[in-house]
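Below is one structure, written out as structure tokens, with a few remarks after it.
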Amino acid sequence: MDVASIYEYILSKIAEDLIPYGYKRSGKGRLFYRYSADKKVGCALEMQKSMFNSPGDYSFTFNLGCIALYNLNGYYKDKLNLEALKLSLTFQADFLRLGHLSRGYDYWWNITDEILKSISIEEYYDRFLKPDIIKGAEYLNEQARKKERVYLNNDNI
């Protein structure tokens with residue numbers, strides 16, 4: 001299976017698994033997002049490919065972020081959109097790598113030709129990725145609930 005097929009398969013499976021949590025995929029991209037609290041809080045999960053991938057060795061990680069309008073400055077302070085959510089994946093204190101959450105350290109999933117000889121990509125996803133993706137979605141939903149409470153307790157925000 002070529003790298004592009006692996007990448008698209010994983011992204012499509014993530015999209016399916018995140019639907020119950022209210023996430024959408026950003027076009028054909030690698031970003032999944034959801035808004036809550038009348039679009040005042042947003043969460044994002046992004047798949048990041050390694051810059052060292054080769055046709056027979058493919059690795060990636062996931063970045064998680066949750067941001068509220070009150071966290072934003074400048075242009076974005078009145079507007080929670082996809083660009084602001086992308087910023088939450090790099091500059092916010094709430095940014096987290098999925099590996100830290102699910103495994104306790106920065107983890108990069110790795111798929112090689114050797115792995116695919118012994119296990120299908122479908123089984124790899126179900127065994128090694130899906131549980132972590134679900135854990136990430138549940139974590140982000142909890143972060144969103146915390147941020148939503150600020151709006152529920154302060155009508156003037």
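Every value quoted in this text rests on a predicted model; they were computed, and no experiment measured them.
- A pairwise comparison of heavy atoms in Trp108 and Lys49 identifies CZ3-C, 4.1 Å as the closest pair.
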Could you go step by step and tell me if Tyr23 and Asp17 meet the side-chain contact (heavy atoms from CB on, under 4.5 Å) rule?
CA-CA 9 Å; Tyr23 284 81; Asp17 291 335; over 6 Å; no
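- In this structure, Leu31 CG and Gln48 CD are separated by 12.5 Å, a value rounded to the nearest 0.5 Å.
- The aromatic ring centroids of Trp109 and Tyr124 lie 6.0 Å or more from each other.
- With hydrophobic clusters built from ILVMFWY side chains whose heavy atoms lie under 4.5 angstrom apart, Leu11 does not share a cluster with Ile19.
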side-chain contact (heavy atoms from CB on, under 4.5 Å) evaluation trace for Phe52 with Ser59
CA-CA 8 Å; Phe52 303 108; Ser59 59; over 6 Å; no
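- Rounding to the nearest 0.5 Å places OG of Ser102 at 8.5 Å from OH of Tyr107.
- Atom NE2 of residue His100 and atom CG of residue Asn63 lie 10.0 Å apart, to the nearest 0.5 angstrom.
- A continuous path of Ile, Leu, Val, Met, Phe, Trp and Tyr side chains, each step under 4.5 Å between heavy atoms, connects Tyr105 with Phe128, placing both in one hydrophobic cluster.
- Checking side-chain atoms of Arg30 against main-chain N and O of Met47 turns up a donor-acceptor pair under 3.5 Å.
- For the residue pair Asn53 / Tyr7, no side-chain donor-acceptor distance below 3.5 Å is found, with atom types taken as modelled.
- Taking the side chain as every heavy atom from C-beta outward, Tyr70 and Val41 never approach each other to under 4.5 Å.
- The two atoms that bring Thr112 and Asn110 nearest to each other are CG2-OD1, 3.0 Å, heavy atoms only.
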Evaluate the criterion side-chain contact (heavy atoms from CB on, under 4.5 Å) for residue pair Tyr35 and Lys24; output intermediate values, then yes/no.
CA-CA 10 Å; Tyr35 296 110; Lys24 298 176 184 174; over 6 Å; no
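- Interatomic distance, CG of Leu18 versus CZ of Arg34, reported as 10.5 Å (0.5 Å rounding).
- Using a 30° and 60° split on the angle between ring planes, Phe60 and Phe62 fall in the perpendicular class, above 60°.
- Counting only heavy atoms from C-beta outward, the side chains of Leu85 and Glu46 never approach each other to under 4.5 Å.
- With 3.5 Å as the limit, one finds a donor-acceptor pair spanning the side chains of Glu138 and Tyr21.
- When side chains are defined from C-beta on, Tyr139 does not count as touching Leu98, because their heavy atoms never get closer than 4.5 Å.
- Connection of Ile119 to Tyr58 is established within a shared hydrophobic cluster, with ILVMFWY side chains joined at heavy-atom distances below 4.5 Å, either directly or through further cluster members.
- Nearest heavy-atom pair across Gly42 and Leu80 is N-CD2, 3.4 Å.
- Ion pairing between a basic and an acidic side chain is recognised when a charged N comes within 4.0 Å of a carboxylate O; Arg145 and Glu148 show no such pairing.
- Taken from CD in Gln143 to CG in Leu140, the straight-line distance is 7.5 Å, to the nearest 0.5 Å.
- Side chains of Leu101 and Asp132 form no contact here, defined as non-hydrogen atoms less than 4.5 Å apart.
- More than 12 heavy-atom neighbours from other residues, nucleotides or ligands sit within 6.0 angstrom of CG on Asp106.
- Within 6.0 Å of atom NZ in Lys13, more than 12 heavy atoms from other residues, nucleotides or ligands are found, so the atom counts as buried in its surroundings.
- Rounded to the nearest 0.5 Å, atoms NZ (Lys86) and CG (Asn81) are 9.5 Å apart.
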